[in-house]
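Remember, it's a predicted structure, so these values are computed and weren't measured experimentally.
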Amino acid sequence: MELPFAEPFRIKMVEEIYQSTKENREKWIEEKDYNLFNLESHKVFIDLLTDSGTGAMSDKQWGAMMTGDESYAGSQSFLKLKETINTITNYQFVLPTHQGRAAENVLFSALVKENQVVPGNSHFDTTKGHIEFRKAHAVDCTIDEAFDSELIHPFKGNIDLKKLEDIYKQYDKTQIPFTLITVTCNSSGGQPVSIENIRQVRELSNQYGIPVFFDGARFAENAYFIKEREAEFKDKTIKEIVLEMFSYGDGMTMSAKKDGLVNIGGFIALNNEELYKICGNFGIIYEGYLSYGGLAGRDLAALAQGLQESTEYSYLKSRINQIEYLGNKLIEYGIPIQQPIGGHAIFVDAVKFLPHVSREEFPAQTLGVELYKEAGIRGVEIGTILADRDPETRENRYPKLELLRLAIPRRTYFQSHMDYIAVALKNIYDRRESIKSGYEITWESDILRHFTVKLKKK
């Protein structure tokens with residue numbers, strides 16, 4: 001008999017989590033204006049708000065932190081991180097930042113101007129926010145298959161080449177600073193992008209003289225799916241696939257709080273020295289000196305080790321297996337989710353789950369609140385609230401998918417937690433017809449409203 005899969009790690013330390021009552025949770029979420037971001041963490045039993053900076057570090061990472069070099073300039077920890085990034089990505093110039101949106105802020109300050117357009121595959125909220133803050137426009141060129149949650153397609157994160165070329169034909173190349181490939185594509189359900197598609201985007205972009213950059217927050221998970229689903233790469237190591245993937249880009253930003261396996265950190269990696277110098281100036285203004293970028297030396301050291309660990313197949317198999325276990329449980333219960341199951345999260349199709357809650361009443365947010373009240377589980381809406389308002393008309397933007405994202409922190413929860421999550425959703429699904437209405441906004445910020453929005457019941 002073949003031995004079953006087992007996690008390639010064991011536990012050294014545990015953290016107690018508090019189980020509250022449903023009555024407590026109903027009171028707490030009302031006090032917080034039905035915004036799950038506003039909840040204090042000790043009032044959450046299983047926290048799936050994000051996989052960003054919420055995972056567990058390894059003993060080797062903690063050991064690296066003890067030897068971190070805290071020098072302001074020329075830190076040995078930075079040099080180790082730079083060497084690691086050079087080796088893994090083959091990008092030669094590295095600027096650390098304190099997190100991914102800081103990397104976007106620095107790079108976009110150098111490249112994005114008013115009235116320009118940035119095409120890509122379903123830009124995430126902070127990415128779109130940084131583009132629109134500069135009075136430019138983010139254009140979604142994701143393949144249509146991504147927006148049918150029941151359709152099985154191995155690479156729903158792919159860019160539609162016709163949509164992309166239409167943008168290239170519509171605008172002069174001076175109006176397109178770059179095309180952005182997000183790996184994996186968070187907004188379409190943690191879906192991967194194939195090497196074949198990345199090559200085609202690069203070739204098309206070369207024809208029109210457009211640079212290509214990556215948002216590499218979950219690059220290792222993307223490489224895992226390439227190995228599993230793209231025949232050409234089945235015998236390649238993760239590190240070999242990563243090198244191939246990034247070879248088609250001019251550079252990358254990264255939130256290292258995802259596939260860097262750290263609690264804080266990010267970076268920009270480039271091959272253009274002139275662009276590096278421009279970004280370096282913005283980096284010094286916004287983040288700190290070139291060799292620390294808003295991070296302590298111990299953070300740089302932990303990240304260098306984390307990048308090595310996240311690009312090992314055994315770790316990734318364990319990571320993705322846990323997501324697939326939960327997704328398959330939900331499918332078994334008849335719960336509509338984005339399929340195939342993505343890399344870092346389960347995305348529940350809230351419109352199919354709650355068909356009698358109108359889009360104007362935010363069904364994904366409604367489901368998120370119900371899940372918290374039911375079981376103390378905190379997810380996040382990837383829908384109309386997150387999509388924000390059109391910056392010109394100020395009307396709500398209704399995305400093609402209205403999703404509740406359940407992002408699983410890395411190396412943090414057990415299989416029994418996955419079972420708990422699945423049963424909690426099943427309980428709500430069984431009583432879904434009793435949920436007749438959702439919420440309305442009572443206050444919102446001008447940009448990135450979902451972080452701080454206030455709601456009330458309809």
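- No donor-acceptor pair closer than 3.5 Å links the side chain of Asp250 to the backbone N or O of Pro211.
- Although no hydrogens or angles enter the test, the distance criterion places no donor-acceptor pair under 3.5 Å between the side chain of Gln365 and the main chain of Ile385.
- A donor-acceptor pair under 3.5 Å is absent between the side-chain atoms of Arg378 and the main chain of Tyr372, judged by distance alone.
- Listed by first and then second residue, the ring-ring contact (aromatic ring centres under 6.0 Å, His included) pairs involving residues 105-143 are Phe108-Phe178 (not counting sequence neighbours).
- Between Tyr420 and Phe45, the ring-plane angle classifies as perpendicular under the 30° and 60° cut-offs.
- Under the 3.5 Å distance criterion, the side-chain polar atoms of Asn271 are matched with a main-chain donor or acceptor of Gln92.
- Considering Leu326, Val348, Ile377 as possible partners of Leu425, the one that fulfils the side chain to side chain contact (heavy atoms under 4.5 Å, CB included) test is Val348.
- Ion pairing between a basic and an acidic side chain is recognised when a charged N comes within 4.0 Å of a carboxylate O; Glu40 and Lys43 show such pairing.
- Using a 4.5 Å heavy-atom cutoff, the side chains of Gln99 and Lys257 are in contact.
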What's the verdict on side-chain hydrogen bond (donor to acceptor under 3.5 Å, both in side chains) for Lys82 and Asn86, showing C-alpha distance, side-chain angles and the deciding distance?
-> CA-CA 6 Å; Lys82 181 178 182 296; Asn86 293 161; 3.2 Å; yes
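- Qualifying side-chain contact (heavy atoms from CB on, under 4.5 Å) partners for Pro154, counting only residues two or more places apart in sequence or in other chains: Arg229.
- For the 3.5 Å distance criterion, the side chains of Ser291 and Tyr72 fail to qualify, holding no donor opposite an acceptor.
- Judged by distance alone, the side chains of Ser71 and Tyr292 never bring a donor and an acceptor atom under 3.5 Å apart.
- Between Asp51 and Lys258 there is no salt bridge, since no side-chain N of the basic residue sits under 4.0 Å from a carboxylate O of the acidic one.
- Between Arg411 and Glu7 there is no salt bridge, since no side-chain N of the basic residue sits under 4.0 Å from a carboxylate O of the acidic one.
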Please report, to 0.1 Å, the donor-acceptor pairs under 3.5 Å made by any side chain of residues 156-165, with sequence neighbours excluded.
{"unit_1": "Lys156", "atom_1": "NZ", "unit_2": "Asp148", "atom_2": "O", "d": "2.7"}
{"unit_1": "Lys156", "atom_1": "NZ", "unit_2": "Leu151", "atom_2": "O", "d": "2.7"}
{"unit_1": "Lys156", "atom_1": "NZ", "unit_2": "Gln338", "atom_2": "OE1", "d": "2.8"}
{"unit_1": "Lys156", "atom_1": "NZ", "unit_2": "Gln339", "atom_2": "O", "d": "2.4"}
{"unit_1": "Asn158", "atom_1": "OD1", "unit_2": "Ser194", "atom_2": "N", "d": "3.0"}
{"unit_1": "Asp160", "atom_1": "OD1", "unit_2": "Lys162", "atom_2": "N", "d": "2.9"}
{"unit_1": "Asp160", "atom_1": "OD1", "unit_2": "Lys163", "atom_2": "N", "d": "3.1"}
{"unit_1": "Lys162", "atom_1": "NZ", "unit_2": "Asp166", "atom_2": "OD2", "d": "3.1"}
{"unit_1": "Lys163", "atom_1": "NZ", "unit_2": "Thr142", "atom_2": "O", "d": "2.7"}
{"unit_1": "Lys163", "atom_1": "NZ", "unit_2": "Asp144", "atom_2": "OD1", "d": "2.7"}
{"unit_1": "Glu165", "atom_1": "OE2", "unit_2": "Tyr208", "atom_2": "OH", "d": "2.6"}

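- Among the candidates Arg397, Arg389, Glu402, the single residue satisfying the side-chain hydrogen bond (donor to acceptor under 3.5 Å, both in side chains) test with Thr384 is Glu402.
- Under 4.0 Å is where a charged nitrogen must lie from a carboxylate oxygen, and between Glu232 and Arg199 at least one such pair does.
- Between the Asp388 side chain and the Leu448 main chain, a donor and an acceptor come within less than 3.5 Å of each other.
- By the 4.0 Å N-to-carboxylate-O rule, Lys239 lies too far from Glu309 to be salt-bridged with it.
- The side-chain tip of Lys227 points at the ring of Tyr313 from less than 6.0 angstrom away and within 45° of straight on.
- Residues Glu230 and Phe155 have side chains in contact (heavy-atom distance under 4.5 Å, counting atoms from C-beta outward).
- Using a 4.5 Å heavy-atom cutoff, the side chains of Leu307 and Leu81 are in contact.
- In terms of modelled atom types and a separation under 3.5 Å, the side chain of Tyr413 and the main chain of Asp47 share a donor-acceptor contact.
- Looking at Glu287, its side chain never comes within 3.5 Å of a backbone N or O of Ile284 through a donor-acceptor pair.
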Start with the C-alpha gap between Tyr325 and Gln415, add the side-chain angles, then the distance that decides, and say whether side-chain hydrogen bond (donor to acceptor under 3.5 Å, both in side chains) holds.
-> CA-CA 8 Å; Tyr325 177 85; Gln415 182 170 311; 3.3 Å; yes
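- Checked by atom type and distance alone, the side chain of Gln61 pairs as donor or acceptor with a backbone atom of Ala302 at under 3.5 Å.
- Look at Arg298 and Glu70 and you find a salt bridge, because one of the NZ, NE, NH1 or NH2 atoms lies within 4.0 Å of a carboxylate O, short of that distance.
- Between Asp259 and Arg218, none of the side-chain N atoms (NZ, or NE/NH1/NH2) sits under 4.0 Å from a carboxylate O, so this pair counts as no salt bridge.
- For the 3.5 Å distance criterion, the side chains of Glu104 and Thr126 qualify, holding a donor opposite an acceptor.
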Decide side-chain hydrogen bond (donor to acceptor under 3.5 Å, both in side chains) for Asp215 and Thr253; before the verdict, give the C-alpha distance in whole Å, the side-chain angles of both, and the deciding distance to 0.1 Å.
-> CA-CA 5 Å; Asp215 175 342; Thr253 62; 4.5 Å; no
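- Judged by a 6.0 Å distance limit and a 45° cone about the ring axis, Lys317 is not positioned over the six-membered ring of Tyr224.
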Given side-chain hydrogen bond (donor to acceptor under 3.5 Å, both in side chains), test Asn105 with Arg101 step by step and report yes or no.
-> CA-CA 6 Å; Asn105 186 40; Arg101 71 192 62 176; over 6 Å; no
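- Ring pair Tyr286/Phe282 is parallel by interplanar angle, where below 30° counts as parallel and above 60° as perpendicular.
- If you check the side chains of Asn115 and Arg134, you find no donor sitting under 3.5 Å from an acceptor.
- A donor-acceptor pair under 3.5 Å links the side-chain atoms of Glu381 to the main chain of Gly383, judged by distance alone.
- Looking only at distances, no side-chain donor or acceptor of Thr182 sits under 3.5 Å from a matching main-chain atom of Cys185.
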